[in-house]
Every structure is written in C-alpha cells, then in structure tokens.
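In the text below, chain A, chain B and the rest are named by the order of the sequence lines, each starting its count at 1.
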Amino acid sequence: MDVSHLIEGLNDAQREAVTAEPGPLLVLAGAGSGKTRVLTHRIAWSVQVLGASPLSVMAVTFTNKAANEMRGRIEGLLDRPVGGMWAGTFHGLSHRLLRAHWREAGLPQGFQILDAQDQLRIVKRVLRQLGLDEAYWPPKKVQWLINSYKESGRRPAQVPAGDDPQQRQFLRIYEEYEALCLRAGLVDFAELLLRAYELLARNEPLRAHYQHRFRHVLVDEFQDTNEIQYRWLKLFVAAHRQLFAVGDDDQSIYGWRGARVENILQFEQDFPGTRVIRLEQNYRSTANILNAANAVIAHNEGRLGKKLWTAGDQGAPVRSYTAFNEVDEARFVVDRIQEWVAEGHRRDQVAVLYRSNAQSRVFEETLVNEGVPYRVYGGLRFFERAEIKDALAYLRLIANRDDDASFERIVNMPPRGIGNRTLEALRARAAAGGSLWSVARDAAGAGLGGRAANALAGFCRLIETLAEEIRDLELAEQVDLVLGRSGLLDYYREQKGEKAEGRVENLEELVTAARQFRPDEAEALEPLHAFLVHAALEAGEGQAGEWEDCVQLMSLHAAKGLEFPLVFLTGLEEGLFPHQHALDEPGRLEEERRLCYVGMTRAMRELYLTWAETRRLHGREHYARPSRFLAEVPAELVQEIRPTGGAGPGTAPWASTPAPAAPPAGIRLGGRVRHAQFGDGVILNYEGRGEHARVQVNFEQAGSKWLVLAYADLQPI
DNA sequence: CGTGGGCGGATTTTT
DNA sequence: TCCGCCCACG
C-alpha cells in the first residue's frame, strides 16, 4: 500500500513523530506547528503501516470540537470510516466506560449527567438540607471545592479532616452531596472521570481488558490535563507504555482550573526512555509576530524551552496603540477593521481578543454604531438555555423518575400550583432516603394538604402518561409531544416580549435538533437516552450565525487553537492583563504571560497591541499603566501608532475632559507605604483629588484596599 | 405566582 | 456600572 501521503509534506520533526518506533513519546508542539496534523497522521500511520486495528486506538482530547475534527481528518487520510476507534473527550470516553459497566461502577443503569448549573442547584439544596448559611458556605465555592477534590482523585474518605471544624463540616457537605447524587442517579462532570478511573483501578479483569485492547493511546493538549486525567491515562497504558502525548507548556493557560503543566515534566520520569520531539517550525505567523511572541514568553522561567521560527516572510511590524480610554481603543480597532474590509478582506478574518468578557461591551457598541456585523464567543450555549433545560428535564424525568434535579426543575414549570411550601414538605420527606418522585407519588396519603396533593397527583399522572405515549415514537416526535403536553410551549407562547419569542423558537429548534440527531451506534443507547447524553456532554454552539461573515470577538482563552489573519490584542494594562488577581498571587503571572503568548500567536499576518490610559471598570475610572508584556516586545519589532488628525485630542470628545489628576503628594504608583492597621503595602492606583483623593493599596497581609487619603494616614517607606 | 427593587459580586471555562 | 439572584409584596 502506498503510504507516502502520510509523510509527504511533513518537516523532519513532524515526520519523526509520525513514524517513531513504539514507546512513550512526548511531542512539544509550538503554536501553529501542525500538531493536529502530526496526531492524525500518526494514527493513520499506525493503522496503515504498523497494521494496527482502529479498534486498538484511543485518541483523547479536551473538547468535542477537537475530537470531531480529529476523527474527520483521520477518516479523510484513511479514506474510510473508523467507527471502532475511540476518539473523544476525557469525559465522553469515561461516560462510555461507565455506560458499558454501570453495574461494576455502582451506578444505576439510567444515570444522567449533571452540568455545572445542575450541580450548583444540588449543592444549594444540600446546604439548605444541612441548615447551613449560604453566606458562610458560598455555593459556588463549595461546588469548586468538591470538584477540586474529585479532580485530585479524592473521595470524602480520602480527605483528612482532623479537628478542623470547618473542614469537618465541608466533609459533611461533600458526603451528603455524593449521597444525594447517587440516590438520584446523577453524575457530575468530575464524577465521570473519577468514577471511570476508579472502575479500572479497582477492577483487575476490566483493566486488563482495556489495556490489552488499546495499544495506541494518544492525547492532545497534554499540558491541560489535571491530576485525575493523567492518572486515567497512565492506567490505560501501564502495561505497554504506548502513550503519544502532544502538548505545549507555553500554552498552558488553565492552571486555575486544575490543569497541571507539571504533568509534562513528570512524563519523562513516569515513562523512562521517553522520546521527546520538538515541533518548532511555525506555519502560521510572520517572522515579526513570532519574534515578538518569542521575546515575551522568554521572560518566563521553568520552560521546557522552544523557539518558534518560520520559513516565511518578515511581515509587517507589530503595531501598538495607546488609547485615551476604552472608547478610543474600540474606535481605533473598529477603524482598522473597516480599513481592512475596505481593502477587500473578509470580516471573519479579524479577531478582537480581550482578557475578560466585560471588555467586549465597548467593542460591541462601536461595531453596532458602525454597522459592522460581529459575533461574540462565549455566553449561554444552546443546551444551557433555561427553556431547553426545562424541556430536557421532562425527558430526563421520564427516563429516570429518581432524577431529583429534573423533578425540582419542572414540578412547577409551567406553574401548576405546587409552591415552595409543598416542595419543602417533599424535600423533608425525601431526606430520609427516597427520591422526590417517590414521595410525591404517595403525597396524598402522606398528609399533604388537599390542593397540593391534587396538583402533585396531576403532575405525576402527566409524567406517567407522557412516558406511556412517547414509548413507540421517533425521537423528534417524542420531544415534540412532550413540549406540547407538558404545557411548556404554550406557557412560553403566552408570555409577551422578544425574550419569550426567542424561547419558543429555541424550543422549536430543539425538535429540529432531535430530528437531526444521529446517535453514536457504539454507545448502544436508546435514542432518547443518547440525545440526553449528547445534550449534557456537548452543550452546542454559543450562537447561531457562524456562517455569516462577521468580526470575531472573544476572550484570550476562547481563542486558543484558532488563527486569524488580523488580530487585535486589547486592554494591555497592568491590573487587567496581567489581571490583578494574578498579580496578587505569586506564581500566577507566568500563566498570564502564556496567555499573552497564546494571543499573539493567533495572528497570521497582522497583530495590533492596544491599551488605554484610562478605563472605566465596575463603574470606576482607572488610570492604568501599560502592561509589562508590552515592554517585553523588542522595540525594533514594534511600530507605535499615534493618534492622528481627526482622531486626535483636538476633536475627540474626551480631549476636553481634564487630564488625569496628578497623583496626590507622596503617592507614586508602585511605591511602598505603611498603614497603622493594615501594615505595609504597595500603591496600585489612585483617583480623585483634594480631600476626595483615594488610593488603592495592596497590603501584604490585608490584601488590596481603597483608602481615603485624608483619613488613612499612610506613611511612605 | 409574577414582578420589581435591593443587594452583592464582577477574570479566564470545557465537559 | 451592570447584571443576576433573592426576597417581599401585590
């Protein structure tokens, strides 16, 4: 068989990776170095040259998008479908294992997946049940803690509590949360991973089976793996060590949610004899852009070390722009975009990147004013919308009556006279161990008031009838029938306003989604069940209209993995990017710098770096200093753009506003001061003048505070 | 049961 | 400043 197409056009390093001898392999793939290509060609090589069966291949990614793209490209290379290959996300593959071995994993057969929203509701319910104050136990924080423990592989029993009363109380919450989920047959995202891991770790025959089956394990974005994910991988390859890991330590930007770059460093120790291959040739950006990005990332310590280069053009210099304020910044960016379009380019080749989503607003306003179509990434995705989740909750309750989360969601949606009192009574009874459904079903006999009992009986009858009626229908008809009979659709139809109209449209769209849904045959689930899994595991796109030619607005995190001919990296100010939270905590700065590196390397041809001297944030005017990252770009690569004629101070509305107030006496940004109560700190910011002058000081002990200068009695030190 | 006002929180996010 | 959530009121 002719396999030359698998190595043709690859550079030496890529070819080396694709054709490497069996054994642990670590590919350090710089931005734009063709890592997906290497990954897919490696799989095709294994199949066509080494004679591996697709059944023996497991390829793991973080997002469904990446998994789908990978599968598509492999099928293109092999020119045939590879259904038996396991290509998917950590969560998707874990789910598949748990479905196949639900009994061994200790789960009910019809277990459902909880998304982050559902999980938060359950946490709140647990807190209420335990009589804990949400002010003292913020639900979000509890949720985060639970997930952190699960991501590090620890059940309540593995968390040492000691005498710490707070920790002991947390353990009660954690235990109760787990008990509630298990009773209701609910599995959160972290649980999917942990339980799949435990399943294999504890079940020798099962582990042997899968170790034997998957002799080719590949993982993408390895720098983003958290502890349990890496352990999960190691379990699969423990016997044969055939792990092909692709990652880039310089693009590790998810440390804050548990990703461990250290896993890359650990890799060579865990797998002695690992072959390390660096992909440093970049096929995306101009030399100027690469050199600028290289210079910035070089300021990080503890890198594995990589330097991107290109055989291509020098390209235009990187441009920087100092804006008066965020409005000026947006206007500058939109002006450039309009020039770009006037030159005959497409709008969707342009990305405006920012550190935090709040920054999008000003860009949006300016784009709207100028009539430039745009699309903002992020925000609620299709399957996360309230009305969609309502509809899915009906379907889930039909599939599994014990699903308390779904029960709570829809028992009074649309309103049917089952108020909080009734629900509280149900919860109290269910606390003994039954599901809400089981309690509700015999509520009348259990001493609930006549009206409430009636309403509950009606609800139960509705669910039973629906279950009966949809049994032999096609998936789309099932969804359609439930929408109609439940009263959901009518409820939203009767509501007024654009919002409600949109909801009705979304619900109708859900029927379409069900009609177009093609279940994965390998999962061997009933269509309805498979659809629910799909909804939980793939929340869908954020917004429609992707096909339209529009400017792309997104956070730096969301931009990872994408590329655009023209990129604006905005808001390069100390405190915003790098973000204040990262400056407050030691060790977080390097991740910010990697984020900057990721942003810069998105640009193919032109890169603009912008910052604003003044920015309105949370209703307050801030005087900013340029981000240190700006100074880290070598001056010879940068062309500074100055405000010109029409856009300059003469005509701009803000030119007439007073220049930033001079700092009050003795106050210097970055200067150290002492406060009688808070101790020593560093001045971060100031505003106002005279008796209203306030300064922001980051105290070593007390953290960051705003103080009125006239009262604070700060001593310079 | 739906709405409006008050309150607190405001990086980054996939599954 | 702005948004989402919670609670109280009608």
Side-chain angles (χ1 to χ4, degrees), chain A residues 60-67 88-95 113-121 124 134-135 138-141 144 147 150-151 187-194 196 221 224-226 228-229 252-259 326 353-362 377-381 383-384 386 412-422 455 491 494-497 533-540 542 554-561 571 575-585 588 591-592 594-596 598-599 615-622:
Chain A
V60 197
T61 62
F62 277 85
T63 65
N64 293 299
K65 199 174 149 205
T89 62
F90 280 102
H91 294 86
L93 299 180
S94 294
H95 172 257
I113 300 166
L114 279 180
D115 71 9
Q117 286 176 32
D118 302 334
Q119 186 187 31
L120 188 64
R121 291 165 81 112
K124 284 182 183 168
E134 290 197 2
K140 283 250 175 67
K141 197 173 171 195
W144 184 84
N147 288 336
K150 289 192 179 188
E151 279 162 15
V187 174
D188 63 50
F189 288 133
E191 182 75 22
L192 283 172
L193 292 176
L194 178 55
E221 306 278 19
D224 287 339
T225 49
N226 62 27
I228 196 70
Q229 286 163 336
S252 162
I253 56 174
Y254 286 112
W256 52 274
R257 65 174 200 211
E326 76 278 9
L353 308 183
Y354 35 77
R355 175 66 237 264
S356 85
N357 290 310
Q359 286 167 255
S360 77
R361 219 193 72 223
V362 188
Y377 280 66
L380 271 198
R381 310 223 297 281
F383 286 111
E384 289 170 356
N412 201 33
M413 187 67 206
R416 47 175 72 90
I418 301 169
N420 219 275
R421 295 275 302 264
T422 312
Y491 172 74
E494 282 159 25
Q495 305 265 304
K496 285 187 280 284
V533 169
H534 169 77
L537 248 28
E538 304 190 39
M554 69 189 85
S555 71
L556 285 155
H557 285 89
K560 194 169 92 155
L576 184 62
F577 188 31
H579 199 276
Q580 190 57 50
H581 290 256
L583 294 172
D584 291 341
E585 277 174 70
R588 300 271 309 267
E591 185 158 306
E592 295 287 303
R594 292 195 289 267
L595 196 52
C596 184
V598 166
R615 183 178 296 272
R616 206 170 176 77
L617 259 180
H618 308 315
R620 184 162 276 140
E621 210 66 45
H622 292 262

Check your understanding: For C/dT1, does either OP1 or OP2 sit under 4.0 Å from a side-chain N or O belonging to A/His618?
Key -> no
Check your understanding: Would a 4.5 Å heavy-atom cut-off, applied to side chains only, mark A/Leu617 and A/Leu576 as touching?
Key -> yes
Point to revise | Spacing of A/Ile113 atom CD1 relative to B/dT14 atom C1', expressed in whole Å | key: 14 Å
Check your understanding: Salt bridge between A/Glu151 and A/Arg257, side-chain N to carboxylate O under 4.0 Å?
Key -> no
Exercise for review: Compare side-chain N and O positions of A/Lys140 against OP1 and OP2 of B/dT11 and report whether any pair is under 4.0 Å apart.
Suggested key: no
Point to revise | Nearest listed nucleotide, side chain of A/Asn64, among B/dT15, B/dT14, C/dC2 | key: B/dT15
Review point. Does the ring of A/Trp256 lie flat against the base of B/dT12, closer than 5.5 Å centre to centre with planes under 30°?
Key: yes
Exercise for review: Considering only atom C1', compute the distance from B/dT12 to C/dC5 and round it to an integer number of Å.
Suggested key: 22 Å
Check your understanding: Atom CZ of A/Arg355 to atom P of B/dT11: distance rounded to whole Å?
Key -> 9 Å
Exercise for review: Classify the nucleic acid contact of A/Asn412 as base, sugar-phosphate or nothing, counting any heavy atom under 4.0 Å across all strands shown.
Suggested key: sugar-phosphate
Exercise for review: Indicate whether OP1 or OP2 belonging to B/dC1 is found under 4.0 Å from a side-chain N or O atom of A/Asn420.
Suggested key: no
Revision key, fill the gap. By nearest-heavy-atom nucleotide on DNA chain B, the more 5' of A/Ala536 and A/Asn357 is A/Asn357
**Study point:** Side-chain touch A/Leu193/A/Gln229, heavy atoms, less than 4.5 angstrom
**Key:** yes
Check your understanding: Base, sugar-phosphate, or nothing: which does A/Glu592 touch, judged by heavy atoms less than 4.0 Å apart?
Key -> base
Review point. Using a cut-off of less than 4.0 Å, is there contact between a side-chain N or O of A/Tyr491 and OP1 or OP2 of B/dG2?
Key: yes
Review point. Within the pair A/Arg381 and B/dT13, is there a side-chain N or O less than 4.0 Å away from OP1 or OP2?
Key: no
Check your understanding: Would you say the base of C/dT1 and the side-chain of A/Arg616 have a donor-acceptor pair closer than 3.5 Å?
Key -> no
Check your understanding: A/His91 stacking on B/dT15: centroids under 5.5 Å, ring planes under 30°?
Key -> no
Check your understanding: Does the side chain of A/Asn226 reach to within under 4.5 Å of the side chain of A/Tyr254, using non-hydrogen atoms?
Key -> no
**Study point:** A/Thr89 side chain, from C-beta outward: closest of B/dT12, B/dT15, B/dT14
**Key:** B/dT15
Check your understanding: Can you tell me how far P of B/dT12 sits from NE2 of A/His581, to the nearest Å?
Key -> 10 Å
Review point. With a 4.0 Å cut-off, would you call A/Arg594 and A/Glu591 a salt bridge?
Key: yes
Revision key, fill the gap. The answer to which of A/Phe62 and A/Leu595 contacts DNA chain B further toward the 5' end, by nearest nucleotide, is A/Leu595
